[in-house]
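The structure appears below as structure tokens.
Not measured: the values here are computed from a predicted model. A note on names: the letters A, B, ... follow the listed sequences, proteins ahead of strands, and every chain is numbered from 1.
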Number of protein chains: 2
Amino acid sequence: MRQKTAGIQDVARLSGVSTATVSRALSHPERVAESTREAVLRAVQETGYVANSLARNLRRRRTGSILALVPNLANPFFSQILSGLSSVLSPAGYGLLIADTLADPDPRARLAHYFDSGLVDGLVVFDATLPDPALMQRAHPPLLMACEWRGELPSVTVDNAEGAAIAIRHLLESGHRRIAHVTGPRGNVLTESRLQGAAGALAEAGLALHDDWTFTGDFGIASGAQAAARWLALADRPTAVFCASDEMACGFMGALQQAGIAVPGEVSVIGFDDIEVAGHLTPALTTIRQPRRDIGERAAHLLVDMIDQRSLMGPSERIAVELIRRQSVKSPG
Amino acid sequence: MRQKTAGIQDVARLSGVSTATVSRALSHPERVAESTREAVLRAVQETGYVANSLARNLRRRRTGSILALVPNLANPFFSQILSGLSSVLSPAGYGLLIADTLADPDPRARLAHYFDSGLVDGLVVFDATLPDPALMQRAHPPLLMACEWRGELPSVTVDNAEGAAIAIRHLLESGHRRIAHVTGPRGNVLTESRLQGAAGALAEAGLALHDDWTFTGDFGIASGAQAAARWLALADRPTAVFCASDEMACGFMGALQQAGIAVPGEVSVIGFDDIEVAGHLTPALTTIRQPRRDIGERAAHLLVDMIDQRSLMGPSERIAVELIRRQSVKSPG
DNA sequence: CTGTTAGCGCATTCAG
DNA sequence: CTGAATGCGCTAACAG
């Protein structure tokens with residue numbers, strides 16, 4: 001059934017040269033006479049030879065793959081990012097391994113495993129709660145943080161505080177003064193950063209973020225719906241809500257509409273992320289766009305550069321966000 | 001900076017045994033005396049030794065990773081499936097590599113690369129348009145189709161025709177007779193299968209699928225919105241629409257609502273997939289649920305079994321779908 | 001139970 | 001420009 005695949009020896013024999021020459025003809029074509037190169041290539045065609053990556057990598061001391069550590073693979077937020085990563089990694093000769101950090105009972109152990117096993121040439125880490133390898137005092141391949149960040153590690157992030165400020169200012173400019181905020185999980189760097197940006201923009205207008213109007217969520221749809229229930233229970237309801245993720249905005253609007261509240265008639269809603277469905281909701285969701293594909297692409301580039309330079313350090317990059325005006329925000333009253 | 005990691009030699013020296021014993025103590029603890037095992041383990045602790053997977057895999061002739069070939073990684077439909085895959089692969093000792101088949105200009109070449117390079121122990125293929133490796137006459141690791149299928153290859157699929165039939169019957173039972181269908185891309189196995197299931201259920205009721213009422217989409221949101229434009233242009237409008245994916249249903253409903261058409265007041269809409277957002281739309285989308293996480297998990301199990309048995313063949317599995325009644329379908333008129 | 005001996009398949013010295 | 005020799009780091013036979 002499974003005919004054994006041709007080895008470099010077979011090619012060498014068929015083309016009448018040594019295995020060393022075959023290897024060179026394939027890896028460094030210019031260092032070989034044209035005639036022999038052709039002979040080798042012909043033999044490669046004939047045998048269908050493809051170098052065994054395991055052996056090649058062992059010899060070259062590189063694995064040809066990079067690992068993305070994402071918290072909750074099931075979150076569709078990452079799909080575009082992974083796609084961006086893949087689209088630059090693939091042409092650069094790297095495969096993309098992905099692992100779910102949430103699924104893992106013991107992230108420390110697993111991380112240690114990845115670090116030392118020589119399984120990957122680099123890592124893109126989307127989860128700031130993972131232990132910092134530098135602090136673990138161990139050898140490890142280049143590592144880049146993305147979306148979330150931590151310490152001085154190189155990273156690709158979005159301007160979260162500014163995005164939140166833009167969202168709040170948009171609400172303010174539309175005439176809202178009574179503004180609520182649905183946050184991500186407390187302690188998360190994105191949550192805190194957006195919270196701070198929102199509070200700052202509010203302060204500029206002489207307003208503050210009421211505790212009663214700050215609902216803690218977890219970035220997921222269901223938590224947005226829960227926040228809606230809390231909003232509904234309020235005697236004194238804010239006229240606008242800034243949700244720290246589109247998913248939460250979606251859950252929030254959905255639950256409100258189920259309860260017979262009009263959006264944006266009775267409450268304006270603004271999200272964060274600009275997930276694909278945002279523009280197709282009713283009303284279409286006004287939000288802060290986070291260019292997820294770009295994040296993936298930039299992360300891949302930066303990481304590949306670090307690998308090329310054999311450096312654990314590298315530049316960080318901050319990507320701008322953008323207000324996308326749609327229909328879920330209007331003037332109050 | 002990057003201290004060189006300890007090798008098996010270091011552990012052997014430190015614990016006063018041979019490298020072979022170290023290897024055994026780690027891979028087959030029971031074949032080693034307890035006292036030596038302890039000594040080895042202690043040395044491992046001390047040195048922080050982690051076996052180099054490249055060398056180990058070269059020797060064992062396995063790679064420890066399996067590859068998922070998905071058409072369009074950016075499609076969030078796959079995120080749950082990947083999560084399911086990962087959750088069983090990880091404990092089974094496999095890493096998950098993912099590659100986007102759409103992004104690749106020459107899938108044949110890349111596929112050949114994966115097959116022969118010994119990079120992976122198995123593949124899960126979500127794209128039926130890829131060439132069949134068996135027909136390519138080459139050695140390759142076990143392969144399992146998922147979601148889509150092709151020829152006699154082992155697969156994990158959902159009962160697409162039945163799901164479509166259930167959707168149509170639900171519309172019929174609600175009193176609809178004038179039913180439209182928004183399909184996936186023509187030629188796609190899922191598209192054809194759902195089309196056939198829908199036509200069958202319609203035929204049972206003495207009805208047929210009108211060409212004028214069959215809109216071709218591509219499973220994406222935008223194509224659903226385009227279908228809505230065509231529905232709006234109809235002089236004689238169907239009272240219900242079966243969309244072959246939730247994303248299309250979402251785009252369809254959104255565009256209709258923008259145009260001032262009430263759902264389900266003027267048209268009932270039913271989708272397929274049950275993506276997470278479906279229940280949070282307004283109206284909440286009635287749909288056919290496809291258990292995506294289960295699909296991933298089952299695929300992983302079947303593939304691991306094939307690998308364990310060193311077999312290119314294996315059982316196929318069909319997973320049941322389920323009608324999720326929500327609010328986007330009601331009686332006409 | 002343990003050490004010795006051979007490679008896994010390839011890329012890279014080092015001579016010629 | 002090419003070939004012969006030498007491991008990459010580890011595990012599987014095979015003896016002892």
Side-chain angles (χ1 to χ4, degrees), chain A residues 3-41 43-44 47-64 93 113 115-121 139 141, chain B residues 3-41 43-44 47-64 93 113 115-121 139 141:
Chain A
Q3 71 225 45
K4 74 169 67 83
T5 95
I8 198 172
Q9 305 257 25
D10 303 299
V11 179
R13 205 160 2 197
L14 191 61
S15 51
V17 297
S18 72
T19 61
T21 301
V22 173
S23 174
R24 271 186 297 249
L26 295 174
S27 307
H28 309 283
E30 74 284 1
R31 295 186 201 166
V32 138
E34 181 162 346
S35 59
T36 53
R37 191 192 323 151
E38 279 168 5
V40 169
L41 260 32
V44 167
T47 56
Y49 170 73
V50 176
N52 176 311
S53 334
L54 249 35
R56 157 177 292 176
N57 290 340
L58 174 58
R59 188 58 235 251
R60 286 191 176 162
R61 281 119 169 281
R62 56 99 70 176
T63 69
H113 173 73
F115 285 162
D116 292 335
S117 64
L119 248 182
V120 299
D121 294 332
Chain B
Q3 70 224 49
K4 75 169 67 81
T5 94
I8 199 172
Q9 305 259 24
D10 303 300
V11 179
R13 203 160 2 194
L14 190 60
S15 51
V17 297
S18 74
T19 61
T21 300
V22 173
S23 174
R24 270 187 298 247
L26 296 174
S27 307
H28 308 283
E30 73 285 1
R31 295 188 202 166
V32 136
E34 182 162 343
S35 58
T36 54
R37 190 192 325 149
E38 280 169 4
V40 169
L41 259 33
V44 167
T47 56
Y49 170 73
V50 176
N52 177 312
S53 336
L54 251 34
R56 156 178 293 177
N57 289 341
L58 175 58
R59 188 58 238 249
R60 286 192 177 163
R61 280 122 169 281
R62 56 99 70 176
T63 69
H113 172 73
F115 285 163
D116 292 335
S117 64
L119 250 181
V120 300
D121 294 332

>> Using side-chain contact (heavy atoms from CB on, under 4.5 Å), reason through B:R59 and B:R61 one step at a time and then give a plain yes or no.
In response: CA-CA 5 Å; B:R59 188 58 238 249; B:R61 280 122 169 281; over 6 Å; no

Mind listing the closest non-hydrogen atom pair of [X] and [Y] along with its distance?
{"X": "B:V44", "Y": "B:V11", "result": "CG2-CG1, 3.9 Å"}
{"X": "B:I8", "Y": "B:T19", "result": "CD1-O, 3.5 Å"}
{"X": "B:V22", "Y": "B:S15", "result": "CG2-OG, 4.4 Å"}
{"X": "A:G118", "Y": "A:T63", "result": "O-CG2, 2.6 Å"}
{"X": "B:A33", "Y": "B:T36", "result": "O-OG1, 2.8 Å"}
{"X": "A:R62", "Y": "A:N57", "result": "O-CB, 2.7 Å"}

>> Atom CD of residue position B:E34 - does it have more than 12 heavy atoms of other residues, nucleotides or ligands inside 6.0 Å?
In response: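 Counting neighbours around CD of B:E34, 12 or fewer heavy atoms of other residues, nucleotides or ligands fall under 6.0 Å, so no.
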
>> Please report the end-to-end axis angle for the helix from C:dC1-D:dG16 to C:dG16-D:dC1, five pairs per end, rounded to 10 degrees.
In response: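 For the helix from C:dC1-D:dG16 to C:dG16-D:dC1, the axes at opposite ends meet at about 30°.
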
> What is the distance from atom CZ of B:R37 to atom OG1 of B:T21, rounded to the nearest 0.5 Å?
Replying inline: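 If I round to the nearest 0.5 Å, the distance is 12.5 Å.
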
> What string of B, S and - do you get for nucleotides 8-16 of chain D, 5' to 3', if B is base contact, S is sugar-phosphate-only contact and - is no contact with any protein heavy atom under 4.0 Å?
Replying inline: BBBBBB---

> If you pin B:T21 and A:T21 to their nearest nucleotides in DNA chain C, which one's is more 5'?
Replying inline: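 Final value for this comparison: B:T21.
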
> Just checking, any donor-acceptor pair under 3.5 angstrom between side chains of A:D10 and A:T47?
Replying inline: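 The criterion, which ignores hydrogens and geometry beyond distance, is not satisfied for A:T47 and A:D10.
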
> Hey, where on DNA chain C does chain B first and last touch, going 5' to 3'? Cut-off is any atom under 4.0 Å from a heavy atom.
Replying inline: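 In short, chain B contacts DNA chain C from C:dC1 to C:dG9.
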
